[in-house]
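Lettering follows sequence order; numbering is per chain, from 1.
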Number of protein chains: 2
Amino acid sequence: MGRIKLKIQRLEIMKARQAKYLKRKRGILKKAKELSILFDVEVVLLLSSTFTKPTFFCWSRPREGLYNGGMSRYPVLN
Amino acid sequence: MGRIKLKIQRLEIMKARQAKYLKRKRGILKKAKELSILFDVEVVLLLSSTFTKPTFFCWSRPREGLYNGGMSRYPVLN
DNA sequence: TGGCCTATGTTTAGTCG
DNA sequence: CCGACTAAACATAGGCC
């Protein structure tokens, strides 16, 4: 993919790191969204890096008897 | 991607649904793993569908002073 | 930082075994 | 279900601004 195949190992060059991360983050977020829509799958995706703000994606099916589509306002342990 | 462009909308044909889901699930899991390795990013990915078992992927950086690489044995609210 | 570009590597729809 | 195959669509590395 791209001009050169990128070997899957930790990227140490910080300059390139952030730009690449942004591109790939967008890519996986798009995939997650497509998956949730295509297959009606509930998806939770959390990405936490040391160099940018964390990213959170969450999609859930609507549930009967719930006002907000089943999304909890606060985290719940059952 | 593939022979025919798949419009991103809910798939109703159950026969094709499961096979396609499996392929795409593998795809996004690979992406998640690559992301975590390349950028040293902590990743949580949870997929829950009505027609197969849920899938959970979690990767975290090792932390000093913790035995098991920072993975909580039980869910924790802070 | 982040958008745009393009060449090239990757993913996947459809099919068969 | 699983794996393999192919062609077409997609994602992205590197570069430029």
Side-chain angles (χ1 to χ4, degrees), chain A residues 1-64 68-72 75 78, chain B residues 1-64 69-71 75 78:
Chain A
M1 206 177 303
R3 300 302 175 84
I4 278 186
K5 181 182 169 69
L6 189 62
K7 199 179 168 194
I8 300 301
Q9 56 186 12
R10 183 170 168 172
L11 277 175
E12 299 293 352
I13 304 156
M14 295 307 287
K15 191 177 168 186
R17 189 182 162 101
Q18 201 152 342
K20 285 201 187 65
Y21 177 58
L22 180 67
K23 287 185 178 184
R24 277 179 175 259
K25 192 174 69 172
R26 284 194 184 139
I28 202 170
L29 279 170
K30 188 181 175 192
K31 290 279 185 192
K33 194 165 201 170
E34 290 181 354
L35 206 71
S36 69
I37 297 171
L38 279 170
F39 305 104
D40 200 25
V41 168
E42 303 193 323
V43 175
V44 175
L45 179 60
L46 173 64
L47 304 173
S48 176
S49 63
T50 54
F51 51 90
T52 59
K53 288 192 297 184
T55 300
F56 181 64
F57 174 75
C58 179
W59 186 87
S60 92
R61 269 175 268 110
R63 278 161 169 75
E64 293 181 28
N68 58 357
M71 307 287 281
S72 298
N78 49 5
Chain B
M1 211 175 302
R3 301 305 176 81
I4 278 186
K5 181 184 171 68
L6 189 62
K7 199 179 169 192
I8 301 301
Q9 56 185 12
R10 183 170 169 172
L11 277 175
E12 298 293 353
I13 304 156
M14 296 307 287
K15 190 177 169 186
R17 188 183 163 104
Q18 201 154 342
K20 285 200 188 67
Y21 176 59
L22 182 66
K23 285 186 178 186
R24 278 179 173 258
K25 192 174 68 173
R26 282 191 186 144
I28 202 169
L29 279 170
K30 187 181 176 191
K31 291 281 184 190
K33 195 165 200 170
E34 289 181 354
L35 206 72
S36 70
I37 296 171
L38 279 169
F39 304 104
D40 200 25
V41 169
E42 304 193 323
V43 175
V44 175
L45 178 60
L46 173 64
L47 303 173
S48 176
S49 64
T50 54
F51 50 91
T52 59
K53 288 193 296 184
T55 299
F56 182 64
F57 173 76
C58 179
W59 186 87
S60 91
R61 269 175 269 111
R63 277 160 170 75
E64 294 181 27
M71 307 287 283
N78 50 5

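A side-chain contact (heavy atoms from CB on, under 4.5 Å) with B:L47 is found for one member of A:V44, A:L45, A:V41 and no other, namely A:V41.
The structure places NZ of B:K31 at 12.0 Å from CZ of B:R24, a figure rounded to the nearest 0.5 Å.
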Practice prompt. Assess whether side-chain contact (heavy atoms from CB on, under 4.5 Å) is satisfied between A:R17 and B:D40, documenting all intermediate values.
Written response: CA-CA 10 Å; A:R17 189 182 162 101; B:D40 200 25; 3.6 Å; yes
Worksheet item: How would nucleotides 9-17 of chain D be written as a contact map, 5' to 3', with B for base contact, S for sugar-phosphate-only contact and - for no contact, using protein heavy atoms under 4.0 Å?
Response: BSBBBB---
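The two atoms that bring A:F51 and A:Y21 nearest to each other are CE1-CD2, 3.6 Å, heavy atoms only. Here the shortest heavy-atom pairing between A:V43 and A:S36 reads CG2-CB, 3.9 Å.
The interatomic distance linking B:L22 (CG) with D:dC2 (C1') rounds to 9 Å, in whole Å.
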